[in-house]
**Student:** 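Got a structure for you, written out below as structure tokens; questions coming shortly.
Atoms within a ligand are numbered from 1 in the order they appear, just like the ligands themselves. Every heavy atom of this structure was used, including side-chain atoms; hydrogens, water molecules and symmetry mates were not.
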Amino acid sequence: MEKVYNFSAGPAMIPQEVLKKAQAEMLNYNNSGMSVMELSHRGKDFTHILNKAEELLRELMQIPDNYKVLFVQGGASAQFGMIPMNFSKNKKADYIDTGIWSKKAIAEAEKTMKVSVLLSGKSNNYTAIPDISNLKIQPEADFLHITTNNTIAGTQYHHLPKSIEVPIIADMSSDILSKHYQVSDFGMIYAGAQKNIGPSGFAVSIIRQDLLERCSESIPNIFNYKKIADNGSMYNTPPTYGIYICKLVLEWLKKQGGVSAISEINNQKAALMYDFLDNSQLFRSPVSVESRSKMNIPFTTDSDELDSLFIQEASARGLMQLKGHRTVGGMRASIYNAMPIEGVEALLSFMKKFERNNATH
Ligand SMILES: *Cc1c(COP(=O)(O)O)cnc(C)c1O
């Protein structure tokens, strides 16, 4: 198939422009006669790529100087385990449970810490973010962990908890760089790369420097944030090609006008989707209006057969990977930064057609 729109939740779509640039540079990067994959990670070409990726991220997210930017192998799931390993002082942590990824983070922390789940969306099957207006963060907690966007349930915080004493650690895997976040509101932000940053296999972790003083010598070096920071994300060989693609994606994002410009487009894309779903005779959104994600949009018909027919016919038209997560069913359109508005329009035009053909089913 020539032209498709990929609605996958991750690994997700990468801008065409980025892939073309990578293709053009594949065999001979910067006149080195080698591909990026073959460059020494300590040589000047790769050092430039790594520094540039960090510099662009700092600029795009307005990251203050007292935060370290790390490229950490093992994806977001590695951070689930590394966060308790590195930041535990009192061995107590607060978590908010907003779905499967939060639960996985909690399960990892429970192995070594006393975890208090302050709020959980479980009772409404994670279709809404719990009300945080009376959130009581425990003063002795080592940190509070949240998941800003819930990739599977399709929910997103539109108001964030605030805390000065207890650092907030946020899993932003599926909404980093999609809208403006004030980095200084957090002790740490992390994100698996394969949604809004680049290819899978590593995470970007942005950590306030004072927290690094908590990382103990007893942690294996490869999992120790302080060691990774002290070695400029090169304690060992970093995922060089992934970081290169990340740099290209960040250059692309800057060219689009940065986070504020892309966030406007993301608002428009999400509004188009939800306006249609809320007025449809056939499709609906299972997510509470005030918690809806602008990145991952689950939807269903009332029939499993129609859902599978929809997925099948959509993919025959180049609208790919719309099947919902196996635990939720139905459909899900992931519309990260790289999804152009034309992709959403193509999806909606097919949904309207499908509705006309099947609404009286
Ligand atoms: C995808 C995802 C993860 C897992 O990322 P890996 O890189 O596969 O470990 C964790 N949290 C959230 C919110 C995600 O969307």
Side-chain angles (χ1 to χ4, degrees), residues 6-14 70-85 95-109 111 117 120-122 126-130 143-158 160-161 168-179 181 186 188-206 222-223 225 228 233 238-239 241-243 245-246 249 266 270 287 291-298 321 323-328 332-339:
N6 178 6
F7 293 92
S8 171
M13 189 168 169
I14 290 185
L70 310 182
F71 298 91
V72 187
Q73 300 183 55
S77 301
Q79 319 309 301
F80 294 168
M82 287 167 71
I83 287 162
M85 242 189 250
Y95 277 71
I96 300 180
D97 168 25
T98 48
I100 290 177
W101 293 117
S102 306
K103 280 206 292 204
K104 289 197 168 172
I106 290 167
E108 291 293 272
K111 291 178 180 173
V117 178
S120 171
K122 194 173 162 67
Y126 300 111
T127 54
I129 298 288
F143 55 83
L144 164 71
H145 182 281
I146 63 169
T147 314
T148 52
N149 184 76
N150 298 278
T151 324
I152 294 169
T155 62
Q156 188 172 25
Y157 284 80
H158 297 299
L160 288 166
I168 297 179
I169 298 184
D171 177 357
M172 287 192 188
S173 292
S174 50
D175 70 350
I176 192 167
L177 294 165
S178 71
K179 59 181 248 192
Y181 279 108
F186 302 90
M188 170 176 176
I189 289 169
Y190 67 98
Q194 68 274 26
K195 282 117 190 190
N196 256 339
I197 298 175
S200 62
F202 68 99
V204 166
S205 294
I206 302 162
I222 191 78
F223 303 130
Y225 286 126
I228 300 172
S233 295
Y241 200 76
I243 292 170
I245 298 289
C246 162
V249 169
N266 288 333
V287 179
S291 299
R292 287 173 170 178
S293 167
K294 292 179 180 170
M295 293 282 104
N296 309 95
I297 305 189
Q321 312 223 50
K323 195 169 171 16
H325 189 266
R326 61 188 189 283
T327 57
V328 176
R332 171 177 51 173
S334 295
I335 52 172
Y336 300 115
N337 287 353
M339 177 60 67

**Student:** Does NZ in K103 sit with more than 12 non-hydrogen atoms of other residues, nucleotides or ligands closer than 6.0 Å?
**Tutor:**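 Yes, NZ of K103 has more than 12 neighbouring heavy atoms, counting only those of other groups under 6.0 Å.
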**Student:** I need the contact residues for ligand 1: any residue with a non-hydrogen atom closer than 4.0 Å to the ligand, ordered by chain then number.
**Tutor:**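 Residues within 4.0 Å of ligand 1: G75, A76, S77, F80, W101, T147, N149, T151, D171, S173, S174, Q194, K195.
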**Student:** I'd like to check L70 versus Y225 (side-chain heavy atoms, cut-off strictly below 4.5 Å). Are they in contact?
**Tutor:**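 L70 reaches Y225 side chain to side chain.
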**Student:** Working to the nearest 0.5 Å, report the span between OH of Y157 and OG1 of T148.
**Tutor:**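 If I round to the nearest 0.5 Å, the distance is 8.5 Å.
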**Student:** Can you check whether V287 reaches S293 side chain to side chain, under 4.5 Å on heavy atoms?
**Tutor:**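 Heavy-atom side-chain distance check fails, nothing below 4.5 Å.
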**Student:** Do F71 and C246 have side-chain heavy atoms sitting under 4.5 Å apart?
**Tutor:**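 Contact flag for F71/C246 side chains = yes.
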**Student:** Under the side chain to side chain donor-acceptor pair (under 3.5 Å) test against Y126, which residue among T155, D97, N150 passes?
**Tutor:**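 In the set T155, D97, N150, the residue that makes a side chain to side chain donor-acceptor pair (under 3.5 Å) with Y126 is D97.
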